[in-house]
Amino acid sequence: MNHEDTPKSPAQPADEASANNLPKAYDPHLIEQRWAEYWVRERLFDVPTPATDPGTPHLGEMWDMEPNRVPSRPTGGPREAGKGRANAFTLLLPPPNVTGRLHMGHMLNQTEMDILTRWHRMSGQTSLWVPGTDHAGIATQMMVERQLAAEGTSRKSLGREPFEERVWEWKHQYGSAITNQMRRLGASVDWSREYFTMDDRLSVAVKEAFVRLYEQDLIYRGSYIVNWDPIQQTAVSDLEVTHEDRLGKLYHIRYPFADGTGSIVVATTRPETMLGDTAVAVNPTDARYTAFIGKLVTLPMSAVEGGLDREIPILADEWAQPEFGTGAVKVTPAHDPNDFAIGQRHALPSLTILDTSAHIDLPGSPYHGLDRFEAREKIVADLEAAGLLVAIKDHNLTIALSQRSGAVIEPRLSLQWFLAVNKIPAAGGNSIAQNAIAAVREGHIKFTPSMYEKTYMEWMHNIHDWCISRQLWWGHRIPAWHCSSCSAITVARDIPAACATCNSANISQETDVLDTWFSSGLLPFTVFGWPGTSNLEPQLSNLTPDLAAFYPTSLLVTGFDILFFWVARMIMLGTHFMLDVPMPDGSPRKLTEAVPFREVYIHALVRDANREKMSKTKGNVVDPIEIITKYGTDAVRFTLASMASPGTDIAFSEARTEGNRAFANKIWNAARFLFMNLDRARQAGIEVTLPTLGTPDLASETRDGVSPNLASPTSDALESRWILTRLSQTSAAVNNSLSDYRFDEAANTIYQFFWGDLCDWYLEIVKLRLNFEPTNDLPFPTSDAAEVAVSQTTTALTTLVGVFESALRLLSPFMPFLTEEIWHALYAGLPPAKSIALTRYPQAGDYPRDEAAYVEMFTLQELITTVRALRKELGIPEKESAPISIHGDAKTLDSLQFSQDILARLARVSRIEVSAIALTGNNARSTASFDVAVLYERTIDIPAERERLTKDLAKYEKGLAAAERQLSNDSFMTKAPSAIVEGLRTQAAETRLLYDKTKAALDALPAQ
RNA sequence: GGGCGGUUAGCUCAGCUGGUUAGAGCGCCUGCCUUACAAGCAGGAUGUCGGGGGUUCGAGUCCCUCACUGCCCACCA
């Protein structure tokens, strides 16, 4: 911890930890970078593939593998997800886009994952966190296209292959920006397993998945209405479309009957699509129109030259709703999903009248080449001129926008590839959606918070086939070849030489690529090597050693925004493919082992301090790197963790972060205190045993008992017994909270323990026990004094170091940098493990509990607090000591008798008198267990005192009344559990006592 | 149009299966540079738990209803 020099290798820190060379204020910059690099360089969190042992991969062997070696699994740590399963905790990082920059959402996500991974690792599980990045089709393509535009060129003028090369170049140059930012956060991932979704091995897997689904007849190609983004010029899935309410117009347009006998008025929001109308529909029950059914109308564009002069039928279809508009609807099958369905029902032709950029595509017509919105205006004007525009009404409509480009979605009939999610495979079994539903319904996947299970189910039950093709260049190109001779399609794993149908060599590969989510939906098994490379029996070969060891993954941590995009797709594809992969023992895999993960933890959105969604346009985006630079990574991590309560969004607060930086500083200074005293001890020749409880070797020996290191030589002083009890309680609470993903509870518990218990009380008391100059100022009168002092100092310091080291381990998953730094310094260059992250997580059973000490300490704290308050009220100067008088039961007095030195130091008590009678008056206060008076002559502020007492009295009176009402209520007495009744009785008695005392004090106040 | 949340101190939020007198951090007020820490220490003030009704011996907690607010889903021209 020598910060004056150039940073030393963290593996060999300064020889001696000394308070002298520690800066007074904690400066995260001096240490964070160093440790982040150390963790990566030393490969501390890598988990190698288990040795191939055909038949039964043996995870037990992994315990001997350095360096991810952890103490044996203690009892009371994380709950095991599946019984009888290897002791592994596996987690897949939701891959950020290669184009991405770290934002607060990432940081929250990664902080939570890192806390859990570090906790599981320290709890004795082989913990594997797999990182990677996503090629993010559209986003990346856009990024490079923008770059090209700046250079005055374009994707199209470059051509497909040079463009793809260009994107790869971009990826190699900038693609690691986000993972480098991750390293800075201290994410304890296995970097040796880092993947990119377009890596060769993953591309092979994507191809394999596609081909298998095609062979199973679950992928098909067809012409359907899809959501078309005219800017990107590609189809997008339903999920990539957002809806916005806008005020629009409803146009009433007259369509004259072809026979000249009249007309019908239709209502539409999109007059321009009438160019593609092939029918008019009315409801069969609509009496206004039944007579017209079967008649032909002339498309009113007939006045225009260009082949638009056509007659279309009026037909009956349930879709037309009499109440809406005029009750008659024009039908444009190629440009509206509903109209398409009507067209299907009535075998109508589909006329595509817009090109891929949403311009009218009708050569020869006066509208040709116009943008759809320009065309609308012109058509409306023309209709009006022709006297065919009946009305224009305001109309609230919902428009569909492309999430990525913001373009108004144009429903467009086009040839796309789909995944049939509701189809029962030819070979039998369940549909993809059915498996995905069963996996959750049968409890093989658990959602936290559980309400998301409902959301998931709702969506999955109403799911449509998934359009998986995209008209992009960047992505996994669909492994299908079109034959120009017979137009058959050949789908193959390897580039085919000829058409599989007619054997023609005139084949060319499909130009579409796959939806990015198709490849990321496969990740939970493809990252572990699926489909395998061996040439064994194909199905069996799919079980790679990594899959055997790590699939299903334990957990998925993510935001709800990708619940459908990614989570649902992983469940669909995971259950579909993995059901075919045998278990390590050769038995068929069941659904429970086929799921991609056993649990899903869904976290909140990070918003700004005003609860506004962070967005670039609003300019309220909080850059995590900026905040980290300002407050330190640990402080930001701790802030996010402490605010991450399930179900509610996080309003990121800089004030909170500031508070947590103060917490880090507090710990830093507690460490300085510790090192200062270790220095003194060294100079005084006192030897302090460093704690080994958390180290791998000792942990296995002490797993069921109390560490000999902490139990002995442990001071039997009250504060020692108390702090160990608190440590045990805190460990229990933190482990419980983390089991339930209650990061907020866990963080707050540790905060309270470290600051409240350890620093505010324990450290202050321990100062009394540390005495390095036995000849001076000694409270012991005997000649053995020096010896006693040395032994007391030794045990006190040993306990202090032990407790502090445990607290560091407890905090380590939350604040990995700070704790790593101090922990290494504690061992002065000879740490018992390479990292605090490889030590054992504190367990309740690691520390002796002493309930009596807990109660005794509570009374003492109450006394000290009361005396402090009285002193303040009496206006006693801070530095001045004062005598007190106590009245209480024998037990209380007895216990306080041994704590006189503590009272003297913490409450500046110079002398203690015992009073046989109750104490009242303006210098006294009462609690349930004692009365105490500070003996100090000073006039007090009588009105203020009267006000305080009156307030108290009212409070007691109210409480007493409530309690007595309850106690005299027969049904309460008979129905309430006895513990509650007893509790209330005790409380009532105490309140009565306090009431009486307060009343007496009030009466004793001089009148004014 | 369906569905799901939220409403607790000035601010941001806890409060688990209903059970003693509702908590924390920040902010605020008062006094302290007490030799680990002023990014600190000590003391203090602050709530008809959104409104109304109900169930219960007992409701911040369960039910109904209203209000406000946020989000997700949705093919009504």
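Across all strands shown, G70(B) forms a Watson-Crick or G-U wobble pair with C4(B), both key distances being under 3.5 Å. Using N1 to N3 plus N6-O4 or O6-N4 for Watson-Crick, or N1-O2 and O6-N3 for G-U wobble, each under 3.5 Å, G58(B) pairs with nothing. Pair assignment for C49(B): none, as no Watson-Crick or G-U wobble contacts are both less than 3.5 Å. G43(B) is paired with C29(B) under the criterion used here, namely a Watson-Crick or G-U wobble arrangement in which both key atom distances are under 3.5 Å. Across every strand in view, C13(B) sits in a pair with G23(B) that passes the Watson-Crick or G-U test at under 3.5 angstrom.
Under 3.5 Å, the side chains of Ser237(A) and Glu240(A) contain a donor-acceptor pair of N or O atoms. Defined by atom type and a distance below 3.5 Å, a donor-acceptor pair is present between the side-chain atoms of Asp277(A) and Tyr255(A).
The side chain of Ala25(A) has A39(B) as its nearest neighbour among G31(B), A36(B), A39(B). Each of G15(B), A42(B), C41(B) was ranked by its minimum atom distance to the side chain of Arg868(A); first place goes to A42(B). In this structure, of A77(B), G40(B), A38(B), it is G40(B) that holds the atom nearest to the side chain of Ala662(A). For Arg908(A), the side-chain atoms get nearest to U34(B) when compared with the rest of A77(B), G44(B), U34(B). When the nucleotides G44(B), C71(B), G5(B) are ranked by their closest atom to the side chain of Met451(A), G5(B) comes out on top. Distances were taken from every side-chain heavy atom of Met676(A) (C-beta onward) to each of A42(B), C26(B), A36(B); the shortest belongs to A36(B). You'll find that the side chain of Glu878(A) is closest to C32(B), out of C32(B), A36(B), G43(B).
A donor-acceptor distance shorter than 3.5 angstrom exists from the side chain of Asn669(A) to the backbone of Lys24(A), with no hydrogens or angles considered.
Distance noted for atom P between G10(B) and G47(B): 8 Å (whole Å). The same atom, C1', is picked in G19(B) and in C68(B); the two are 32 Å apart, to the nearest Å. The separation of A67(B) from G50(B), taken at their C1' atoms, amounts to 8 Å, rounded to a whole angstrom. C11(B) and U20(B): their C1' atoms are spaced 30 Å apart (whole Å). Between C29(B) and C71(B), the distance separating the two P atoms is 36 Å to the nearest Å.
At least one side-chain nitrogen or oxygen of His395(A) sits closer than 4.0 Å to the OP1 or OP2 atom of A77(B). Contact annotation: Lys24(A) side-chain N/O to A38(B) OP1/OP2 distance is under 4.0 Å. Put simply, Lys454(A) has a side-chain N or O that comes within less than 4.0 Å of OP1 or OP2 on C4(B). In this model, the phosphate group of U35(B) is not approached by any side-chain N or O of Arg680(A) to a distance below 4.0 Å at OP1 or OP2. Regarding contacts with the backbone of G31(B), every side-chain N or O of Lys879(A) stays at 4.0 angstrom or more from both OP1 and OP2. OP1 or OP2 of U12(B) has not a single side-chain nitrogen or oxygen of Arg656(A) nearer than 4.0 Å. When the side-chain nitrogen and oxygen atoms of Trp755(A) are compared with OP1 and OP2 of C41(B), one or more of them lie within a distance under 4.0 Å. The phosphate of A36(B) has OP1 or OP2 within less than 4.0 Å of a side-chain N or O from Lys767(A).
Between Phe804(A) and Phe754(A), the ring center distance clears the sub-6.0 Å criterion.
For the pair Asp27(A) CG and C37(B) P, the computed distance is 17 Å after rounding to whole Å. Rounded to an integer number of Å, the gap from CZ of Arg661(A) to C1' of A39(B) is 6 Å.
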